[in-house]
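Data first, discussion second: the structure below is written as structure tokens.
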Amino acid sequence: MPSGRILDASFFDRETVAVARDLLGKVLVREVDGRRLWGRLVEVEAYLGPDDLASHSAGGRRSPRNEVMYGAAGHAYVYFTYGMHHCLNVTAEVPGTAGAVLLRALEPLTGVEIMRARGDQGPEARLLSGPGKIGRAFGLTLADNGRDFTRGPLGLSAGSPVPDRKVARSPRIGITRAVDLPYRFTVIGSTSLSR
DNA sequence: CCACCGATTGCT
DNA sequence: GCAATCGGTGGT
């Protein structure tokens, strides 16, 4: 059983890349139908503001879809893509400054049967091995967009810290612009990484 | 209004 | 390698 209190706003109210690094090892908590879904973060990517051409807020773009990126830190930015996937981010930085961390992969901890009920019958370690798969297994929808991670049905708890020697930093994947920026963080050796 | 495309996934 | 599937985005 993972332990640790739910992280408070001060954890997220920092530079996005630092928040991304420190999110590794944290536990994503999801309450659905009164049941708990837990997963340990093993892969994340930072998406910054105007100068990050791969970000939804590149060039200072602002729209109903990405509005949450400009709001308070520690909130959910959920977007719908490829006509079928809901991807989950955690916002960072102070209000007015865009920044978000894409949650790309987790190791399932609790609620595996419920995750499987969404249709994926693959190996347990692969149930949350990609941003689209997290959305499906956790039942995320646009109704979750804007949710506060410090209270309510979505949260992040302390889990266990991941030492630097177990963290790899590399370019982000699945993007076509700014492909060289090293904003992807993974837990070395995890069998639940994406792709 | 229209056409193109994507922070993906799973199958050939 | 490529189809699935549809809202966002930018140009006409």
Scanning all shown strands, the Watson-Crick or wobble mate of B/dC2 with both distances under 3.5 Å is C/dG10
To the nearest angstrom, the CG-P distance between A/N145 and C/dG7 comes to 15 Å
Pairwise P distance, B/dC5 and C/dC2 [rounded to whole Å]: 15 Å
Across every strand shown, the nucleotide meeting Watson-Crick or G-U wobble geometry with B/dT9 (both distances under 3.5 Å) is C/dA3
The single option from A/V42, A/L128, A/I173 that satisfies side chain to side chain contact (heavy atoms under 4.5 Å, CB included) with A/S194 is A/I173
Hey, is the main chain of A/P182 close enough, under 3.5 Å, to the side chain of A/R169 for a donor-acceptor pair? yes
Fill in: Chi angles and distances behind the ring-ring contact (aromatic ring centres under 6.0 Å, His included) call for A/F80, A/H85
CA-CA 6 Å; A/F80 182 63; A/H85 301 299; 8.3 Å; no
With sugar-phosphate taken as primed atoms, P, OP1 and OP2 and all else as base, the protein-contact string of nucleotides 1-11 of chain B at under 4.0 Å (heavy atoms; B, S, -) is -----BBBSS-
* Asked: Taking the inter-plane angle between the rings of A/Y77 and A/H56 on a 0 to 90° scale, is it parallel (under 30°), tilted (30 to 60°) or perpendicular (over 60°)?
  -> perpendicular
Check: Would you call A/D120 and A/R126 a salt bridge, using N to O less than 4.0 angstrom?
Finding: no
Cut-off 3.5 Å, side chains only: do A/E93 and A/T16 have a donor facing an acceptor? yes
